[in-house]
Structures are given as structure tokens and as C-alpha cells.
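Pasting a structure here, questions to come.
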2 protein chains.
Amino acid sequence: MPKVGMEPVRRKALVDAAMRVIGDHGSLTVTMSEIAKQAGVSPALAHHYFGSKEQLLIETVRVHLQRLRDSVVTALRAATTPREKLSAVIRVSFQADQFAPETIAAWLAFYAEAQRSEETRRFLVIYARRLHSNLVANLKALCPAEDAGRIAEGAAAMIDGLYIRQSLKSAPISTEASIALTEGYLTTHLNALKG
Amino acid sequence: MPKVGMEPVRRKALVDAAMRVIGDHGSLTVTMSEIAKQAGVSPALAHHYFGSKEQLLIETVRVHLQRLRDSVVTALRAATTPREKLSAVIRVSFQADQFAPETIAAWLAFYAEAQRSEETRRFLVIYARRLHSNLVANLKALCPAEDAGRIAEGAAAMIDGLYIRQSLKSAPISTEASIALTEGYLTTHLNALKG
DNA sequence: TATTTTTGATTGACTGATCAATCAATAAAA
DNA sequence: TTTTATTGATTGATCAGTCAATCAAAAATA
């Protein structure tokens, strides 16, 4: 069994397992045992590689935000006009894997954790800022700069809010409807400025 | 000390203490001891009156949503026109005590808890539905029914989203700015329909 | 009115379970 | 032989929940 170079493999397996367990459980009060079991290793190994449960959770946030970022970058590259880039950002926010109930539950848990863990909070703040600046950058090509900031705030809030409402799983709003609401927000506000 | 009729007094003290401790802690992983201490009683007494920690937490959500509801009802009574009533709903959502960091942290924790506790989820769903129907009822007086539902979804999402973004405490959006964004959403979308 | 009984309020001390974290030991590669 | 991977067993701390005992007010009784 013991081969060399297992570290990156185990780290990835554990981080993925953590996300899955947290998503299923809908909470960060999951045990290292559960995570380790899901990853197919012993709890002791999880501690060996991550030092503590907190570190594993922080790493889990970091990795998943990084992946989300990669999706955004790819989608932005594929889009050409500013308006298309705005749509790309929105589309990625609501893409299937992100909008799955377990994923939403996990993000919600991380937002709650950010109240206690400075490092978790930092990552989420960075993500929020990046979303905002992506929106602003492209909005500036379509409206005055002073309006761009405001509209970006609104759009970002709407995206986050649609996640929250989705998390309650009552009257679930479809992906398409969520995208349509956010697109509608942008379009209507941009049109209003053109008068 | 032991007087008769303490039950309602203690229950209220414990529910208030729970909200405070959860808000400060930013999480539901608080101990009965902390809550009891904050309420000035022994942990055993908290168990005596609520049976379990879970019951106390559920009761805490229930009571605080009830208070929020009372605020909304009062604000709606004070408003006369549909447009004023819409503004009243928005204003209450962002009123000082609701928008305080500890309160936001507590709500966030409860939303996360709703992933696990069916009863907590039920209360939050009821609140979400009520917000939605308050919005729809008044929007219907200002635009076609088929648009009212959509606009209400958007406004509700924006309100929730502004809370989430507030919870990160970075680039905090002021109460006034939050109200302005939500009002702007309604106004702009209603105007767009009038063409 | 004085005395006894009952009842509600309250807690300290305890229990059992859970879990993060540690560590010494093993096994297989290099 | 040294290094890396891996785990079983264990520890120590934390907590929810229980329980028997106490205390004082209220109600009943004499």
C-alpha cells in the first residue's frame, strides 16, 4: 500500500470528502472520522496531513473558491463584449454544480463559519470583492462609473440572495429563473440609465 | 428567591440569552452553560424548561421571527398606499436591530441550522413566504399580477443577499444604502413596466 | 392564627457519549 | 537504512442531559 507521493492525492481526497460531507450534513459540525471515512483513510491520516480540523476546513474553502475562480476566468475568456462577460459571470454563479443543494448548504455553512474563523472570512471577502470588481469592470463599459458600483452591489446581492432562498428548498427557483432575475436586474437598470 | 410563576420569565430570559450568545459567537455551537450563564440561571434549569438544547434553539428562532413579524405588521398598518407599504416592508427588514452584526450573524447561523433541523427550516420558510406575499400583494396594485411575482422574488432575494454581504463585514453597506438599493430595484422595475 | 403539607423553582454533582488530537508501532518503498 | 505512509489505540476535554436534594412560597389544616 504505502507508496511515495501520496500527499497531494490524500489532500485532494480529503478536501473533496470534506466538501461532500459538509454539503450532505449541511453543517460544519462534522467529524474528522466522517471526512476521513469518506476519503477512504483513517482519521489519524487526516490529522497527519492537515494538522487540525480547522486547517482542513480552511483548506476546503480555499480550494473550492479557487475552483470557482477558475470557472469564472474560463467563462470570461470565452465571452467577448462587456455585456456577454456580465452574463458569463452570472451564468457561472448559477451553474449546475454550484447551485446543487449540497453545494449551497456547504457555502452557507462556510459563511456562518466566517463569523468565527478570520481566515475563512478572508477567503470569502476576497471572493466577494472579485465578483464585485468583475461586475464593475464590465459595467463601466456600459454606463457611467458612478452607476456601475451601485448596480454591481445590487447584482452581487441578488446572486447571494438567490442562493440563500435556494437553501431553504421551498418553492425552489430554477437555475434559469435565477439567471433570468439577475439578467433582468442588469438589463432593466442599464436601460433606465439610457433613458 | 423561589417565587411562583417564574416559568415565563425564565423562558424569555433564556431565549433572549440564546439569541445574544449565538449572535456574539456567530454560531449555534454554543453551550447550554453559556446561554444559562448569560440568562443568570444554571444549565440544569435551562434543561428543565426546554427539555433539550435543540428545543431551546427552535424556540429562539420562533420567538424572534414572531417579533420580526410584529414589526412588519405595525409598519404595514402605519403605511397607507401600496407603494408606502412596500417601503415599510423594506424599512423593517433593514431596521437597526435587525441589521446589527450580531443579529445578522444569528440569522445566518439559523439558516445554516435549517439544513439539519426540519422545524427551524419550517419557520424560516414561513417567514420567506410571508415576506413574498406581502410584497406581491402590494405590487399587484402597481403592476400586472404576472410581473408582481417576479419582482417580489427579486426584491426578496436582494434583501437576503444584502444581509449575507453584511455578514462578511467587509465594505459594509450602510442601512441607507441597502434600503436605497432595494427601493431602486422596485422603482426601476415598476417604471420599466409602465414604459 | 399557627402548623403542616404540598408544590414549583433551583442547583451541584454526576454520567455517558462524543471527538479532536496524539503517539507509538508497522510496513513498504527508496 | 532512512524516509514516507499509515493506522489502532488511547487520552483528555467538552458537553448535553439526568437526578437527587434543597429551599421557599402557597395552600391546607388544625
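Computed from a predicted structure; not experimentally measured. Quick note: numbers below take in every heavy atom, side chains included, and nothing from hydrogens, waters or symmetry partners.
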- Message: OP1 or OP2 of C:dG8 versus the side-chain N and O atoms of B:R10: is any pair under 4.0 Å?
- Response: no
- Lys/Arg-Asp/Glu bridge criterion (N-O < 4.0 Å) met for A:K12, A:D16: yes
- Message: Under 4.0 Å between a side-chain nitrogen and a carboxylate oxygen: does that hold for B:E7 and B:R10?
- Response: no
- Query: Testing B:Q38, B:E34, B:E102 for side chain to side chain donor-acceptor pair (under 3.5 Å) with B:R20, which one passes?
  - Reply: B:Q38
- Close residues, residues 17-28 of chain A, relative to DNA chain D [heavy-atom separation under 4.0 Å]: none
What protein N or O atoms touch nucleotides 17-21 of chain C N or O atoms at under 3.5 angstrom, if any, and at what distances?
residue : atom : partner : partner atom : Å
C:dA20  : OP1  : A:V30   : O            : 3.3
C:dA20  : OP1  : A:K53   : NZ           : 3.1
C:dA20  : OP2  : A:M32   : N            : 3.0
C:dA21  : OP2  : A:H47   : NE2          : 3.0
C:dA21  : OP2  : A:K53   : N            : 2.7

- Can you tell me how far C1' of D:dA5 sits from CD of A:E7, to the nearest Å? 10 Å
- Query: Which heavy-atom pair separates B:L14 from B:A36 by the least distance, and what is that distance?
  - Reply: CD2-CA, 4.1 Å
- Does B:R121 pair with B:E118 as a salt bridge, N-O distance under 4.0 Å? yes
- Measure up the B:F94 and B:Y163 rings against each other and bin them: parallel (under 30°), tilted (30 to 60°), perpendicular (over 60°). parallel
- For atom CE of A:M6 and atom P of C:dA30, their distance in whole Å: 13 Å
- Message: In this structure, how many angstroms lie between the C1' atom of C:dT7 and the NE2 atom of B:H48, rounded?
- Response: 11 Å
- Item | Whole-Å distance separating the CD1 atom of B:I35 from the P atom of D:dT14 | 18 Å
- Message: Using whole Å, what does the distance between atom P of nucleotide D:dT4 and atom CZ of A:R11 come to?
- Response: 15 Å
- Spacing of A:K37 atom NZ relative to D:dG8 atom P, expressed in whole Å: 13 Å
- Query: Listed by chain and number, what are the side chain to side chain donor-acceptor pair (under 3.5 Å) partners of A:E146, not counting sequence neighbours?
  - Reply: none
- Between A:Y127 and A:R69, is there a cation-pi geometry (under 6.0 Å to ring centre, at most 45° from the normal)? no
- Message: Determine whether a donor-acceptor pair (N or O, by modelled atom type, separation under 3.5 Å) exists between the side chain of A:E59 and the backbone of A:V15.
- Response: no
Shorter than 3.5 Å, N or O on both sides, protein versus nucleotides 9-11 of chain D: list them out with atom names.
none

- Task: Using the salt bridge (charged side-chain N to carboxylate O under 4.0 Å, His left out) rule, collect all pairs that involve residues 169-184 of chain B, keeping only residues at least two apart or in two chains.
- Result: B:R83-B:E183
- Message: Can you list everything that forms a side chain to side chain contact (heavy atoms under 4.5 Å, CB included) with A:R150? Sequence neighbours excluded, please.
- Response: A:D147, A:H189, A:L193, B:L181
- Message: Within the 4.0 Å heavy-atom criterion, would you say B:Y49 contacts the bases, only the backbone, or no part of the nucleic acid?
- Response: sugar-phosphate
